[in-house]
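Chain A is the first sequence line, chain B the second, and so forth, proteins listed ahead of strands; every chain is numbered from 1. Worth knowing before you read on, the calculation uses all heavy atoms, side chains too, and leaves out hydrogens, waters and symmetry mates. From a predicted model like this one, the values you see are computed outputs, not experimental measurements.
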Amino acid sequence: RKEVEQDPGPFNVPEGATVAFNCTYSNSASQSFFWYRQDCRKEPKLLMSVYSSGNEDGRFTAQLNRASQYISLLIRDSKLSDSATYLCVVTLYGNKLVFGAGTILRVKS
Amino acid sequence: ETGVTQTPRHLVMGMTNKKSLKCEQHLGHNAMYWYKQSAKKPLELMFVYNFKEQTENNSVPSRFSPECPNSSHLFLHLHTLQPEDSALYLCASSQSSSGANVLTFGAGSRLTVL
């Protein structure tokens, strides 16, 4: 089983749609969780950290489900500019950060 | 600009060449990283430096040789590479190497090995 697993997509959605991605992780002792965003041919950038109680930043909501070992990212009212690859990042043993392969989102007009 | 600058942005080299990638961060961070990103694969951690000391070498072949002269600069020296080493090499920095810290990435150096 991969340490961090994401559906590669692509998720093709119309503008204004709500879309959600999940990311599963294998180590139940993982402590920190993040979503990064990577635009085509650019570097990854932090989108948001994921807190145990869930957190929201504008149109973006992140949730953590420790029992089932997954995190989720919900994007409401999708914009064309949301088109990117969304990377799930989890700390595993020894504070080692592990990246998922990413989920591609394409928002179309 | 993210505060992490990588040069060169693009590099083409033959298998017998020796070249170096450079990374500089202006964020006052204490930890620096090299990651490799190949198409459709997750980012692979290569090396971690914390306060100039190497704290992780993720079983990277010896044809990749890192150097960290101070907390602001990181190099990746390349020699006798293979075509499968062609990838995007990303440098990142963080306040420390604790996993709870956020990484700031440079724009990457896209390497092609012929």
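- Contact of A:Leu87 with chain B is made through the side chain alone, with heavy-atom distances under 4.5 Å.
- Residues meeting the salt bridge (charged side-chain N to carboxylate O under 4.0 Å, His left out) test with B:Arg9, sequence neighbours left out: none.
- Here the NZ atom belonging to B:Lys40 is positioned 9.5 Å from the OG1 atom belonging to A:Thr85, to the nearest 0.5 angstrom.
- Under the 4.5 Å side-chain heavy-atom criterion for ILVMFWY residues, no single connected hydrophobic cluster contains both A:Ile104 and A:Val89.
- In the hydrophobic cluster analysis, where Ile, Leu, Val, Met, Phe, Trp and Tyr join through side-chain heavy atoms closer than 4.5 angstrom, B:Tyr89 is grouped apart from B:Val48.
- Residue-level contacts of residues 67-82 of chain A with chain B do not occur; threshold 4.5 Å between heavy atoms.
- Linking Ile, Leu, Val, Met, Phe, Trp and Tyr residues whenever their side-chain heavy atoms come within less than 4.5 Å leaves B:Leu74 and A:Leu97 in two separate clusters.
- In the hydrophobic cluster analysis, where Ile, Leu, Val, Met, Phe, Trp and Tyr join through side-chain heavy atoms closer than 4.5 angstrom, B:Leu111 is grouped apart from B:Leu43.
- Residue pairs meeting the salt bridge (charged side-chain N to carboxylate O under 4.0 Å, His left out) criterion with at least one member in residues 60-72 of chain B, sequence neighbours excluded, are B:Arg63-B:Asp85.
- Within residues 35-53 of chain A, the residues approaching chain B closer than 4.5 Å by heavy atoms are, in numerical order, A:Tyr36, A:Gln38, A:Arg41, A:Glu43, A:Pro44, A:Lys45, A:Leu46.
- Proximity to chain A (any heavy atom under 4.5 Å) is shown, for B:Glu44, by neither the backbone nor the side chain.
- In this structure, chain A has a heavy atom under 4.5 Å from the side chain of B:Tyr35, while its backbone stays farther away.
- Hydrophobic cluster membership differs between B:Val60 and B:Leu45, with clusters built from Ile, Leu, Val, Met, Phe, Trp and Tyr side chains linked at under 4.5 angstrom.
- Of the residues considered (B:Val4, B:Leu103, B:Asn58), B:Leu103 shows the highest number of contacts with chain A, using heavy-atom pairs under 4.5 Å.
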